[in-house]
Amino acid sequence: MDEALHERVRDVVAAIPEGRVATYGDIAALAGAPTPRLVGRVLREDGGDLPWHRVLRATGKPADHLGGEQLARLADEGVPARDGRVELGRYRWDPR
DNA sequence: ACTATGACAGACG
DNA sequence: TCGTCTGCCATAG
């Protein structure tokens, strides 16, 4: 296993500001993960205290098993979802 | 060593 | 815009 990567991913996810969202691909790039799939893997194990609800797929749709749960939390943080989808062009986190 | 699976992404029709 | 197929890398059986 790669503990370092594991920790980096947690860091990145934890760094996502409120009212912003990021895609698995972004997290992977920032954390240096070879593929976005690993990001999902990490979240599945360590999701605990991390704001995993701010991580969406490239399409702006939440992961299948999360359903509307994630959208509900986002809406509560000020990220409206239109028809089960978030406007990434607007709410996508731009780390700068 | 091989196959199947998965919190994904990009290309295609 | 949407559904499907393929590529991706790590784990589990």
Side-chain angles (χ1 to χ4, degrees):
Chain A
M1 304 188 38
D2 198 327
E3 302 271 336
L5 172 62
H6 206 99
E7 197 171 314
R8 274 202 301 280
V9 172
R10 283 199 296 185
D11 249 9
V12 176
V13 175
I16 303 175
E18 204 172 293
R20 285 275 127 115
V21 297
T23 69
Y24 288 88
D26 292 340
I27 307 296
L30 292 172
T35 166
R37 284 194 180 256
L38 299 192
V39 176
R41 192 159 187 32
V42 171
L43 288 182
R44 189 172 70 170
E45 295 177 28
D46 282 327
D49 293 304
L50 299 171
W52 50 268
H53 49 280
R54 293 179 192 151
V55 184
L56 318 171
R57 298 182 63 164
T59 59
K61 189 173 111 45
D64 301 345
H65 54 284
L66 290 176
E69 186 64 36
Q70 178 164 17
L71 295 177
R73 295 198 183 203
L74 287 175
D76 190 55
E77 289 189 351
V79 182
R82 194 188 48 148
D83 194 43
R85 166 151 28 167
V86 177
E87 294 183 53
L88 290 179
R90 247 174 76 137
Y91 299 98
R92 189 163 180 250
W93 176 41
D94 187 4
R96 193 163 3 177

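Letters A, B, ... are given to chains in the order of the sequence lines, protein chains preceding strands, and every chain is numbered from 1.
- Heavy-atom distances under 4.0 Å link DNA chain C to A:P34, A:T35 of residues 27-35 of chain A, given in residue order.
- At most 12 heavy atoms of other shown residues, nucleotides or ligands fall within 6.0 angstrom of atom CZ in A:R92.
- Look at A:R41 and you won't find any side-chain N or O under 4.0 angstrom from OP1 or OP2 of C:dC8.
- Between the NE2 atom of A:H65 and the C1' atom of B:dG6 there is a distance of 10 Å, given to the nearest Å.
- The shortest side-chain heavy-atom distance between A:L43 and A:V55 falls under the 4.5 Å cut-off.
- In this entry the distance linking CD of A:E87 with P of C:dT1 reads 11 Å, nearest Å.
- Judged by distance alone, the side chains of A:E69 and A:H53 never bring a donor and an acceptor atom under 3.5 Å apart.
- Ion pair A:D94/A:R96 flagged as a salt bridge, since at least one NZ, NE, NH1 or NH2 atom sits closer than 4.0 Å to an Asp/Glu carboxylate oxygen.
- Contact check of residues 53-62 of chain A against DNA chain B (heavy atom, cut-off under 4.0 Å) returns A:R57, A:A58.
- Rounded to an integer number of Å, the gap from A:L74 CG to B:dA7 P is 19 Å.
- A:R20 contributes no side-chain N or O that, together with a main-chain N or O of A:W93, makes up a donor-acceptor pair within less than 3.5 Å.
- Counting to the nearest Å, the P atom of C:dA10 and the NE2 atom of A:H6 are 15 Å from each other.
- With C:dA10, B:dA7, C:dC2 as the choices, the nucleotide that has an atom nearest any side-chain atom of A:L66 turns out to be B:dA7.
- The distance from the CG atom of A:L66 to the NZ atom of A:K61 is 9.5 Å, given to the nearest 0.5 Å.
- Here the C1' atom of nucleotide B:dA9 and the CG atom of A:D64 are 14 Å apart, to the nearest Å.
- The nearest whole Å value for the distance from the CZ atom in A:R92 to the P atom in B:dA9 is 10 Å.
- Between B:dA7 and C:dG13, the two P atoms lie 16 Å apart (nearest whole Å).
- A salt bridge is absent between A:R73 and A:E77: the closest approach of a Lys/Arg side-chain nitrogen to an acidic carboxylate oxygen does not fall below 4.0 angstrom.
- A donor-acceptor pair under 3.5 Å links the side-chain atoms of A:R54 to the main chain of A:I16, judged by distance alone.
- For the pair A:L74 and A:Y91, the minimum side-chain heavy-atom distance is 4.5 Å or more.
- Summarising the geometry, the separation between CD on A:E45 and C1' on C:dA10 is reported as 10 Å, rounded to the nearest angstrom.
- Of the candidate nucleotides B:dA9, B:dA7, C:dC9, B:dA7 has the atom lying nearest to any side-chain atom of A:A63.
- The distance between atom CG of A:L38 and atom C1' of C:dG7, rounded to the nearest whole Å, is 14 Å.
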